[in-house]
Amino acid sequence: MAPSEAKRRRVTILGSTGSIGTSTLDVIAQLGGRAAFEVVAVTGSGNVALLAEQAKTFGAAMAVTADETRYDDLKQALAGTGVAVGAGRNALMEAAAMPSDWAMAAIVGTAGLAPTLAAAERGADIALANKECLVTAGDLFVQAVAAGGGRLIPVDSEHSAIFQALEDDQRHAVERIVLTASGGPFRTWTREQMAGVTAAVARAHPNWSMGLKVSIGSASMFNKALEMIEAKHLFDVRPDQIEVIVHPQSIVHSMVGYRDGSVLAQLGCPDMRTAIGYALTYPDRPALNVERLDFAKLARLDFEAPDEERFPALRLARTALERGGMQSAVMNAAEETAFHAFCDGRIGFLHMADIAEEVMDDMQDFGAARSMDEVFAVDTEARRRAEAIIAQKEMAA
Ligand code: NAD
Ligand code: MG
């Protein structure tokens, strides 16, 4: 092997065909592509043509689609390339377990938990875009990364901002962390207006271009709810130290307040590639071709208190944090189930929070999980209960 090859950083991209995944490959291309990185595995689900294209462009050793029915399509698209092909859950786990130095966790939803854990357990640095890992498994996930010996580097823009504004030797002096929220497309809407919206309307985000789940989550503010819980586990702060402030321009990505009254913020244009690049080369800051902030054009930054009446997701996150135990996992599972039902037109926009709340209230007896098996069992049970409520609502409609 040539010396330059030996130094190439080995990377795995879980969820390479999504919004974060494609941005990750763009950053990798900007930072030298195949000359600088050895892409070990790329994974996707439905978008097999893009997955095959990515595997060819970056010379991946393996490409996996989570969708078993697409195996033949992927195999055909990669015939003669030497790229190993797989499909389904086991193949996804196999791809995640292949040795690499760094793994981007960009599969959407709880489906990302098991493969990300597999990458963590073998010691890869984990660039964490997927919030559900921490919301569902919490400290067990943090412990798994630590036990594997890799680093946990946040990619979510708010958590990347906090990670950047946290002074390592001054952790004891942190008073609060302030998560900014764009407020989404319904920031100024009444609940009556929100009640009738479709997924096509709810997914149109004013500032960020993102996948469907996170876009709808921005509209309902469930995305921020997940981020509050994510922050607790990443930064080891008490629930009362986590604040949310609505900031419609999405320029201040989040802030850390210290006990001397100082607030450190990280700013940038709304482009996930900055946070991805930082997670890829941490603690270096690579040169990236992203838009620069023009303060003269920007002129103003607005902030307003969030409204928990119109956006109950924030109140539910607070409840989950206060109750502890498995409440965050329950909230996430119920909300994810309700999100799919909303996208399928089975329930209304506001029902998502109602369902999450009802399932959380019903499942308060589950103490902190001691094993991943317990996590998966509670997740399954919360989904079952959410589905039952969805079916009732459908019958009533
Ligand atoms: P996306 O929907 O654009 O992409 C999701 C990826 O996961 C795709 O590659 C898809 O093929 C794959 N996938 C979907 N279902 C799967 C399954 N069942 N099994 C295996 N793979 C599956 O999503 P995204 O917006 O890129 O978000 C990815 C994650 O990053 C989410 O957890 C999201 O909350 C988080 N995140 C996204 C953004 C953003 O700007 N898009 C910002 C912060 C955090
Ligand atoms: Mg975010």
Side-chain angles (χ1 to χ4, degrees), residues 12-26 41-52 54-55 63-70 74 86-96 104-116 118 126-136 154-163 179-184 203 205 207-218 220-231 234 244 247 250 252-254 266 268-276 279 332 335-336 339-340 343:
T12 303
I13 325 287
L14 301 170
S16 63
T17 55
S19 166
I20 293 286
T22 49
S23 292
T24 303
L25 287 170
D26 180 78
V42 286
T43 82
S45 51
N47 200 342
V48 164
L50 175 62
L51 182 64
Q54 292 176 332
V64 169
T65 166
D67 183 349
E68 267 175 59
T69 66
R70 303 302 302 278
L74 185 60
R89 206 67 205 145
N90 291 342
L92 184 59
M93 294 301 286
E94 196 188 317
M104 166 54 77
I107 292 174
V108 63
T110 312
L113 177 57
T116 306
I126 303 295
L128 192 67
N130 173 294
K131 3 196 150 210
E132 293 82 359
C133 287
L134 283 173
V135 175
T136 305
V155 171
D156 211 346
S157 59
E158 296 77 3
H159 305 78
S160 174
I162 293 160
F163 188 72
L179 294 168
T180 54
S182 69
R203 77 167 303 178
H205 196 277
N207 306 334
W208 298 90
S209 146
M210 309 181 290
L212 181 62
K213 174 81 168 54
V214 62
S215 299
I216 303 278
S218 297
S220 63
M221 293 197 80
F222 255 105
N223 183 51
K224 209 52 53 183
L226 300 184
E227 290 180 356
M228 290 165 69
I229 294 156
E230 194 185 0
L234 277 173
V244 173
H247 165 46
S250 300
V252 178
H253 294 152
S254 278
Q266 187 262 352
C269 291
D271 185 332
M272 289 304 295
R273 291 176 300 178
T274 300
I276 293 168
N332 175 70
E335 192 272 334
E336 195 171 303
F339 154 78
H340 288 296
C343 291

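Read the numbers this way: they start at 1 and go in the same order the structure lists the ligands and their atoms. The structure displayed is predicted, hence computed values, not measured ones. What's counted below: heavy atoms across the whole structure, side chains too, no hydrogens, waters or symmetry copies. If you read the sequence from its start, that first residue is 1, and numbering goes on from there.
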Item to check | Angle, OE1 of E158 through the Mg ion (ligand 2) to OD1 of D156 - 10° precision | outcome: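 Vertex the Mg ion (ligand 2), arms to OD1 of D156 and OE1 of E158: 100°.
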Item to check | T17/N47 under side-chain hydrogen bond (donor to acceptor under 3.5 Å, both in side chains): CA gap, chis, key distance, verdict | outcome: CA-CA 7 Å; T17 55; N47 200 342; 5.7 Å; no
Item to check | Criterion side chain to side chain contact (heavy atoms under 4.5 Å, CB included) against K213, the qualifying member of K131, R203, E132 | outcome: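 Single pass found, and it is E132.
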Checklist entry - When I229 is tested against each of N332, V135, T136, L234 for side chain to side chain contact (heavy atoms under 4.5 Å, CB included), which residue passes? => result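 By the side chain to side chain contact (heavy atoms under 4.5 Å, CB included) criterion, I229 pairs with just one of N332, V135, T136, L234: V135.
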Checklist entry - Stepwise, does the side-chain contact (heavy atoms from CB on, under 4.5 Å) test hold for H159 with L179? => result CA-CA 8 Å; H159 305 78; L179 294 168; 4.1 Å; yes
Next on the checklist: Under the criterion side-chain contact (heavy atoms from CB on, under 4.5 Å), I'd like the reasoning laid out for D26 against R273: C-alpha separation, chi angles, the key distance, then a yes or no.
Outcome noted: CA-CA 8 Å; D26 180 78; R273 291 176 300 178; 2.9 Å; yes
Item to check | Exercise: do E94 and N90 side chains pair donor with acceptor under 3.5 Å | outcome: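 Result is no, nothing qualifies.
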Next on the checklist: Would I276 and I20 count as a side-chain contact (heavy atoms from CB on, under 4.5 Å) here? Give the steps.
Outcome noted: CA-CA 8 Å; I276 293 168; I20 293 286; 4.2 Å; yes
Next on the checklist: Suppose we only allow N, O or S atoms; which atom of E227 ends up nearest to the Mg ion (ligand 2)?
Outcome noted: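 E227's closest N, O or S atom to the Mg ion (ligand 2) is named OE2.
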Next on the checklist: What does the 4.0 Å heavy-atom contact list look like for ligand 1?
Outcome noted: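 Within 4.0 Å of ligand 1, protein side: G15, S16, T17, G18, S19, I20, G44, S45, A66, L92, A106, I107, V108, A111, A129, N130, K131, E132, D156, M210, G211, V214, M272.
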